[in-house]
Amino acid sequence: MINNSSRYDVLISDDYSQLDLDFILPKVNERIIHGTIWDDSDDPKKVSDAIILVFTPGPNYYDSDPNDIQCIDYAIPDSNGEFVAGPFKLNTTVILKIFNTNYNKINLSDEIPEEFRYINGELVQSTNTSPDLEEANLGK
């Protein structure tokens, strides 16, 4: 396992009125994606009630099947619409699908794999109220 952190044990005592410390982190070969979700209105606003699904392309994605993708993770924006996904190894292709769960009234049950249907122990519920998509509840 690659160590992407450094540990510094610091004893705080009355010998010093102030400690000035510099820290060096090891070089990492992974990156994160940080972004902000905005709506597409004439006066764009940040969207906090979205879900970002992270996919990787499958073996047939580039040749013949653009739907050959596998969900590997998800992210949820904070109250300012900002999110972080990753870390991802260098030269990795990821595909982000971003859904505004309240605005689109969408059915995510086909998009979210079973293992990602729970966030902080709570079942992710669709906000879909369309009668013909009544089974949009992800726990079906």
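- Residues I37 and L96 share a hydrophobic cluster, clusters being chains of Ile/Leu/Val/Met/Phe/Trp/Tyr side chains in contact below 4.5 Å.
- Of all heavy-atom pairs spanning H34 and E82, the tightest one is NE2-OE1, 3.1 Å.
- Listed by chain and residue number, nothing satisfies the side chain to side chain contact (heavy atoms under 4.5 Å, CB included) test with S17 (two or more places apart in sequence, or in another chain).
- Side-chain heavy atoms closer than 4.5 Å link hydrophobic residues (I, L, V, M, F, W, Y) into clusters, and following such links, possibly through other members, connects I33 to I98.
- Counting only heavy atoms from C-beta outward, the side chains of I72 and F88 approach each other to under 4.5 Å.
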Practice problem: Please assess K46 against W38 for the test side chain to side chain contact (heavy atoms under 4.5 Å, CB included), listing each intermediate value before the final yes or no. | Solution: CA-CA 4 Å; K46 295 177 181 178; W38 298 84; 3.5 Å; yes
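- Considering only heavy atoms from C-beta on, T93 stays 4.5 Å or farther from Y61 through its side chain.
- Looking at heavy atoms from C-beta onward, T36 lies out of side-chain contact with N80 at the 4.5 angstrom threshold.
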Practice problem: Take D49 and N100 through the test side chain to side chain contact (heavy atoms under 4.5 Å, CB included) and record every step on the way to the result. | Solution: CA-CA 6 Å; D49 53 353; N100 182 342; 3.5 Å; yes
Exercise. In sequence, state the C-alpha distance, the side-chain angles, and the governing distance for I52 and I76, and then conclude on side chain to side chain contact (heavy atoms under 4.5 Å, CB included).
Key: CA-CA 6 Å; I52 300 97; I76 298 174; 5.9 Å; no
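- For the atom pair CG (L19) and OG (S13), the distance works out to 7.5 Å, reported to the nearest 0.5 Å.
- There is a path of hydrophobic side-chain contacts, each under 4.5 Å, that joins F55 to Y62.
- At a threshold of 4.5 Å between non-hydrogen side-chain atoms, the residues V47 and P77 do not count as touching.
- Side-chain atoms of D39 come within 3.5 Å of backbone N or O of K45 as a donor-acceptor pair.
- Both Y16 and V10 belong to a single network of hydrophobic side chains, linked directly or stepwise wherever heavy atoms of I, L, V, M, F, W or Y lie under 4.5 Å apart.
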Quiz prompt | Step-by-step side chain to side chain contact (heavy atoms under 4.5 Å, CB included) determination, Y8 to L21 | solution = CA-CA 10 Å; Y8 298 90; L21 303 172; over 6 Å; no
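- When the side chains of ILVMFWY residues are joined at heavy-atom separations under 4.5 Å, either directly or via intervening members, L11 and F23 end up in two distinct hydrophobic clusters.
- P59 has its side chain within reach of D68: a pair of non-hydrogen atoms, C-beta onward, lies under 4.5 Å apart.
- Other residues, nucleotides and ligands contribute more than 12 heavy atoms inside 6.0 Å of the CG atom of L90.
- Looking at R31 and T92, their side chains never come closer than 4.5 Å, going by heavy atoms from C-beta outward.
- Residues S41 and D43 have side chains that never bring a donor and an acceptor to within less than 3.5 angstrom of each other.
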